[in-house]
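Here the structure is laid out as structure tokens; the discussion comes afterwards.
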Amino acid sequence: MARQASSEPPRMTSFPEHSVALIQGASRGIGLAFVRQLLAGGRFGRIHATCRNPEQAEELLALVDRHGERVQPLALDPTDEASIAAAAERIAGEAGRLHLLINSAGILHDDHGLWPEKRLADINPEQLHRSFAVNAFGPLLMAKHCQTLLGHRERAVFASLSARVGSIGDNRLGGWYAYRGAKAAQNMFTCNIAIEYGRTVRNVICVALHPGTTDTGLSQPFQGNVPEERLFSSDFAAQCLLRVIDGLQPEDSGGFFAWDGQPIPW
Ligand SMILES: NC(=O)c1ccc[n+]([C@@H]2O[C@H](COP(=O)([O-])OP(=O)(O)OC[C@H]3O[C@@H](n4cnc5c(N)ncnc54)[C@H](OP(=O)(O)O)[C@@H]3O)[C@@H](O)[C@H]2O)c1
């Protein structure tokens with residue numbers, strides 16, 4: 001069985017009372033668990049929860065039934081810049097600012113043929129493009145359109161879920177070209193965003209995070225060799241990552257951290 005979350009949600013006391021969060025990719029998996037954990041804690045007064053079709057996201061809608069206006073489902077497709085711009089504009093009108101933005105949406109495989117490649121012969125340009133659009137360009141466009149919302153006088157964190165397999169320094173096995181390449185590109189974008197935000201919106205800490213192998217649809221076909229204690233429930237992963245986020249210092253901006261707070265080489 002996957003490692004389960006504790007009953008104590010992360011305290012998030014490094015953020016001001018009534019903070020505002022945006023979780024991008026909140027229909028299921030770790031993104032939905034971020035929403036659950038922030039709702040269970042008292043620090044965040046409003047959580048904008050995005051996915052492509054919120055009207056079909058049953059578990060997210062169940063949270064709206066239970067928590068009312070504290071959770072705001074919002075349509076956003078990270079591969080569609082106009083939908084990102086529209087969502088940012090709506091949040092600007094309703095909440096005015098963001099203290100926490102987590103890019104959680106990601107793909108490793110899909111129903112249209114994307115599957116982790118074993119060898120060069122498996123490379124398919126359309127699938128490469130899809131992986132890069134969701135895993136790498138999505139968080140970059142979020143940084144573009146949410147910069148003004150994040151820039152204020154209080155603490156703010158911009159975090160993107162990457163993956164240890166996106167580390168060039170850590171790569172010993174090869175394969176998984178589309179996913180490794182897209183996450184490595186996302187990592188470079190995170191570094192760049194941290195540098196630019198450091199000049200323009202200096203209150204923002206910008207990081208890449210690795211959740212550990214987590215029991216979701218994304219990892220489901222690849223869990224066979226994962227020892228029980230290394231497989232996490234979504235809520236366990238979300239709690240660990242929120243604790244890492246809560247402890248981030250300004251000098252951590254531009255870094256890549258695992259679920260246990262350990263830095264990962266780029
Ligand atoms: N699970 C793991 O073991 C693991 C390990 C390392 C890193 N990660 C990273 O952690 C993040 C969360 O993963 P997860 O395991 O929670 O995944 P998941 O359960 O499969 O959820 C994926 C999320 O991404 C969105 N998404 C999926 N396909 C999309 C597409 N084609 N276009 C736009 N959005 C799409 C989904 O929203 P819609 O409702 O819009 O489809 C959903 O909210 C990802 O970035 C992943 O790479 C996961």
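Only this structure's heavy atoms are used, side chains among them; waters, hydrogens and symmetry mates stay out. Whatever order the structure lists them in is the order used to number ligands and atoms, beginning at 1.
In this structure, Tyr177 has no ring pair (Phe, Tyr, Trp, His ring centres under 6.0 Å) partners at least two apart in sequence or on a different chain. Remark: His48 pairs with no residue by the ring pair (Phe, Tyr, Trp, His ring centres under 6.0 Å) rule, at least two apart or across chains.
Salt-bridge annotation for Arg97 and Glu154: present, with a side-chain N of the basic residue lying under 4.0 Å from a carboxylate O of the acidic one.
Taking the six-membered ring where the residue is Trp, His129 and Phe137 present perpendicular rings, their angle passing 60° and hence far from 30°.
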Which N/O atoms of ligand 1 sit under 3.5 Å from a protein N/O, and at what distances?
from	atom 1	to	atom 2	distance (Å)
ligand 1	1 (N)	Thr214	O	3.2
ligand 1	1 (N)	Thr216	OG1	3.2
ligand 1	3 (O)	Thr214	N	2.8
ligand 1	3 (O)	Thr214	O	3.4
ligand 1	15 (O)	Thr216	OG1	2.5
ligand 1	16 (O)	Ile30	N	2.8
ligand 1	24 (O)	Gly106	N	3.3
ligand 1	31 (N)	Arg52	NH1	3.4
ligand 1	32 (N)	Arg52	NH1	3.4
ligand 1	37 (O)	Ser27	OG	3.3
ligand 1	39 (O)	Ser27	OG	2.6
ligand 1	39 (O)	Arg28	NH1	3.4
ligand 1	40 (O)	Arg52	N	2.9
ligand 1	40 (O)	Arg52	NE	2.9
ligand 1	41 (O)	Arg28	NH1	3.4
ligand 1	41 (O)	Arg28	NH2	3.4
ligand 1	41 (O)	Arg52	NE	3.4
ligand 1	41 (O)	Arg52	NH2	2.6
ligand 1	43 (O)	Gly25	O	3.2
ligand 1	43 (O)	Ser27	OG	2.9
ligand 1	45 (O)	Ser104	O	3.0
ligand 1	45 (O)	Ala105	O	3.4
ligand 1	45 (O)	Lys183	NZ	3.0
ligand 1	47 (O)	Tyr179	OH	2.6
ligand 1	47 (O)	Lys183	NZ	3.0

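Here Leu231 sits in one hydrophobic cluster together with Val226; the rule is ILVMFWY side chains under 4.5 Å apart, joined directly or through other members.
Screening Val201, Ile102, Asn103 against Phe158 for a side chain to side chain contact (heavy atoms under 4.5 Å, CB included) leaves a single residue, Asn103.
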